[in-house]
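Take a look at the structure below.
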Amino acid sequence: MKAIMLMFDSLNKHMLSAYGCDDTITPNFKRLQEKTTRFDNFYVGSMPCMPARRELHTGRYNFMHRSWSPLEPFDDSMPEILKKKGIYTHLVTDHKHYWRDGGATYHPRFSSYEFVRGQEGDNWKGVVKKPDIRYESGEPEEIKKRKITSRTHHQINVNYMKDESDHHLYKTIELGLDFIETNKDDDNWFLQLECFDPHEPFFVPEKYLKMYGVEEDDFDGFPSYYFVTEDEAQQEKIRNYYKALLTMVDEHVGKVLDYMDRYDLWKDTMLVVNTDHGFLLGEHDWWSKNIMPLYNEVANVPFFIWHPEYPHPGESRQALAQTIDIVPTILEYFGQDIPADMEGKSLVPAIESDNKIRDYALFGYHGCHVNITDGQYVYMRAPTVHGAEHLHEYTLMPTRINRRFTPEELGQTEMHQGFNFTKGCPVLKIPASFIISENSGRFGHRLYDLVADPSQEACLEDSSVILRLMQAMKEMMIRNDAPSESYIRYGLDEPLSLEKVDRELNEGKSLTTHLDHLRLDNSLLFGALSLIQFLEGIGEQDKINTLLQELEVNEPLPETLNKFVMDHIDEHHHSMVFYRMALEMRVN
């Protein structure tokens with residue numbers, strides 16, 4: 001038995017011909033659909049990049065306990081399980097996060113691995129005289145410096161990629177095809193062929209840009225990670241850069257399919273084509289991911305599978321599934337036992353006859369909304385406790401995306417007895433000092449009916465549906481052995497009832513109605529929401545009405561918010577409040 005996982009990063013379901021899009025040139029994804037079984041209700045789990053990859057090893061949610069992290073000593077790893085059972089596992093990737101502090105324990109789980117360098121500001125080529133990159137925003141200095149560093153190294157790296165054959169996508173696929181060519185006649189191997197594209201920066205050869213009428217210019221390939229501020233022409237250019245890169249991805253999907261055909265690998269080789277998450281390209285007035293609520297453009301992802309024992313080419317499945325379900329499916333295919341700590345379910349019943357494998361899917365970012373779907377409804381539950389209160393990192397591997405935890409962060413560490421999945425190991429309990437969207441509570445709780453409103457344009461207020469999904473959410477958190485304080489953070493520590501749901505709906509409704517009436521632009525709206533959330537957090541509800549009144553009678557400008565802070569908030573809070581508002585409004 002053989003298996004190939006062909007994985008891409010930030011692959012948009014709604015941009016693929018295989019899912020009905022006719023705005024992009026993706027004939028090989030259509031060809032893929034005709035060869036495999038397509039899933040229509042496939043969801044992410046833990047977000048973003050490395051949390052999703054941890055799920056691809058462990059088959060369990062990790063976002064309730066940890067943000068971005070390496071594999072832990074107690075984690076079950078699917079490639080390592082296969083390796084120990086005599087099944088050869090090989091990783092080919094250009095995903096730079098595998099060789100950074102926050103991902104450094106993933107690739108050694110494979111029997112062998114090959115890296116392609118140069119993606120997204122990878123510290124690859126050594127050039128002392130660096131280009132001068134300008135990047136201004138209201139973000140924390142640490143994040144601004146990281147983004148400037150990334151953009152600087154990207155500009156250096158692309159100077160070494162003059163031809164298409166130098167492109168990291170091209171080289172990654174070629175190395176994967178070399179592995180297939182070398183081992184096609186042998187048995188018992190698993191190949192993870194993982195491409196960073198079409199993740200930003202949208203670095204794409206000119207021939208693909210020309211397919212969408214784009215001339216290369218000064219756009220650096222990095223869309224912002226915030227709300228849309230560009231004019232229509234610039235928005236369209238950014239989307240066309242993504243489409244062009246997606247067409248390049250499609251061409252390389254075709255190469256893998258050619259090898260499947262040429263060597264008739266369909267008869268004995270599983271093929272999985274997947275992604276870690278989607279990507280917003282202006283939908284909901286947002287770019288990218290991480291900050292906004294987890295809309296379906298990011299959360300509902302493309303997924304294709306060819307299972308040689310259950311051949312259903314060209315068919316689609318409506319069964320609800322998600323990333324954690326890939327792992328037990330592969331282990332089962334190779335005849336291996338499923339570890340007790342895995343929460344994923346085998347996809348075989350769904351592949352075979354579209355049988356239900358799960359009633360609900362849970363997904364989210366550490367510390368942000370906890371989201372749940374039953375396939376029809378999506379409920380997003382925001383933290384009811386603001387900031388990072390009641391939020392900890394539970395780990396034995398204290399590193400982040402690109403650095404170690406600092407002594408200051410570790411100074412408040414306690415030992416925790418551990419969880420059911422830590423296999424008897426106590427773990428470090430570290431107060432969270434950075435979360436992707438610290439003020440995520442400003443978006444409030446949200447309910448969407450994906451059947452009646454697939455674009456998620458109108459929040460519903462159906463108390464009975466919300467209560468059912470809240471109850472299911474709490475049950476899934478209990479099964480996941482979520483930290484006890486997380487129930488406080490999300491307001492799930494008290495009995496759940498229709499009265500509680502109605503009270504929350506009424507509280508949110510009056511504020512939303514008032515802000516809608518003011519018709520604030522995005523920048524001012526999110527600045528105001530940040531300020532309102534701060535006032536809620538310090539228990540000064542009466543001042544919220546004063547703020548709304550001042551926005552009503554004065555011209556709604558950032559200066560209006562600044563003046564309110566000066567007049568109504570104690571001076572010792574000023575630096576923090578101004579910082580949070582600047583971050584929200586992307587001003588210095």
Side-chain angles (χ1 to χ4, degrees), residues 9-10 47-51 67-70 95-104 117-160 196 199-203 218-227 229 238 287-292 365-368 387-388 393 397-411 430-440 523 526-527 530 575-588:
D9 196 302
S10 305
M47 287 285 292
C49 298
M50 295 317 291
S67 57
W68 190 292
S69 74
H95 198 286
K96 71 166 187 176
H97 296 306
Y98 282 118
W99 55 86
R100 303 178 84 183
D101 284 334
R117 300 294 304 270
Q119 273 284 19
E120 197 210 15
D122 174 24
N123 300 341
W124 179 34
K125 293 296 185 178
V127 175
V128 175
K129 188 176 181 180
K130 295 179 170 56
D132 184 23
I133 301 296
R134 302 291 182 181
Y135 177 77
E136 295 297 338
S137 75
E139 295 167 289
E141 282 302 311
E142 177 198 337
I143 296 178
K144 284 170 58 175
K145 288 178 181 177
R146 176 158 57 88
K147 290 186 175 180
I148 290 171
T149 299
S150 181
R151 284 161 167 77
T152 301
H153 271 284
H154 172 66
Q155 292 302 320
I156 293 170
N157 293 341
V158 298
N159 289 324
Y160 295 85
F196 192 64
H199 192 290
E200 82 280 355
F202 305 149
F203 173 59
D218 59 355
F219 176 55
D220 64 1
F222 288 92
S224 64
Y225 268 54
Y226 212 57
F227 52 74
T229 58
I238 294 171
W287 294 116
S288 313
K289 58 184 186 294
N290 294 355
I291 295 175
M292 69 298 295
Y365 297 90
H366 182 67
C368 302
E393 302 263 11
M397 302 290 292
T399 62
R400 301 197 186 284
I401 177 173
N402 62 341
R403 66 172 176 83
R404 299 163 294 174
F405 278 52
T406 65
E408 291 75 20
E409 290 172 313
L410 294 171
I430 308 170
S433 57
F434 175 78
I435 46 178
I436 286 176
S437 189
E438 187 175 80
N439 301 326
S440 61
S523 178
F526 294 126
S530 175
S575 60
M576 187 267 287
V577 174
F578 283 130
Y579 161 74
R580 285 172 61 166
M581 290 197 305
L583 174 61
E584 292 299 326
M585 296 187 285
R586 286 299 191 266
V587 297
N588 287 313

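Treat the numbers as computed from the prediction; the structure is a model and nothing was measured.
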Taking every non-hydrogen atom, the tightest pair across Ile156 and Pro131:
CG1-CD, 3.8 Å

Which value, rounded to the nearest 0.5 Å, describes the distance between Arg100 atom CZ and Asn402 atom CG?
4.5 Å

Does a side-chain heavy-atom distance below 4.5 Å link Met397 with Ser69?
no

To the nearest 0.5 Å, tell me how far Phe219 CZ sits from Phe202 CZ.
6.5 Å

Would you say the side chain of Gln155 lies within less than 4.5 Å of the side chain of Asp220, judging by non-hydrogen atoms?
yes

What pair of heavy atoms forms the shortest contact from Gly118 to Trp124, and how long is it?
CA-CE3, 3.5 Å

So, the side chain of Arg400 versus the backbone of Asp101: is there a donor-acceptor pair under 3.5 Å, distance only?
no

Could you go through the side chain to side chain contact (heavy atoms under 4.5 Å, CB included) check for Lys147 and Tyr225 one step at a time?
CA-CA 11 Å; Lys147 290 186 175 180; Tyr225 268 54; 4.2 Å; yes

For Met50 and Tyr98, run side chain to side chain contact (heavy atoms under 4.5 Å, CB included): C-alpha distance rounded to whole Å, both residues' side-chain angles, the deciding distance at 0.1 Å, then the answer.
CA-CA 8 Å; Met50 295 317 291; Tyr98 282 118; 4.0 Å; yes

Would a distance-only check, ignoring hydrogens and angles, find a side-chain to backbone donor-acceptor pair under 3.5 Å from Tyr365 to Asn290?
yes

Spatial distance of atom CG (Asp132) from atom OG1 (Thr152) [nearest 0.5 Å]:
8.0 Å

Ser288 versus Glu200, side-chain donor and acceptor atoms under 3.5 Å
no

Measure the CE-NZ distance between Met47 and Lys289 for me, rounded to the nearest 0.5 Å.
7.0 Å

Show, in sequence, the C-alpha distance, side-chain angles and deciding distance for Ser67 and Glu393, and conclude whether the side chain to side chain donor-acceptor pair (under 3.5 Å) test is met.
CA-CA 7 Å; Ser67 57; Glu393 302 263 11; 2.5 Å; yes

Before giving the answer on side chain to side chain contact (heavy atoms under 4.5 Å, CB included), spell out for Ile291 and Phe227 the whole-Å C-alpha distance, their side-chain angles and the decisive distance to 0.1 Å.
CA-CA 9 Å; Ile291 295 175; Phe227 52 74; over 6 Å; no

Distance-only, no hydrogens or angles: does the Lys125 side chain make a donor-acceptor pair with backbone N or O of Tyr160 under 3.5 Å?
no

Take Trp99 and Arg117 through the test side chain to side chain contact (heavy atoms under 4.5 Å, CB included) and record every step on the way to the result.
CA-CA 10 Å; Trp99 55 86; Arg117 300 294 304 270; 3.3 Å; yes

Can you see whether His154 engages Arg151 through a side-chain donor-acceptor pair at a distance of less than 3.5 angstrom?
no

Work out which heavy atom in Cys49 is nearest to a heavy atom in Asp9; give both atom names and the distance.
SG-OD2, 3.6 Å

Ion pair present between Glu409 and Arg404, side-chain N to carboxylate O less than 4.0 angstrom?
no

Identify the heavy atoms of Ser150 and Lys96 that sit nearest to each other, and give their distance.
OG-NZ, 4.2 Å

Would a line drawn from the ring center of Trp68 to the ring center of His366 be shorter than 6.0 Å?
no

Can you tell me if His153 and Asp122 form a side-chain donor-acceptor pair at under 3.5 Å?
no

What heavy-atom pair brings Trp287 and Ser224 nearest, and what distance separates the two atoms?
CB-O, 2.9 Å

Does Ser530 reach the main-chain N or O of Phe526 with its side chain, forming a donor-acceptor pair under 3.5 Å?
no

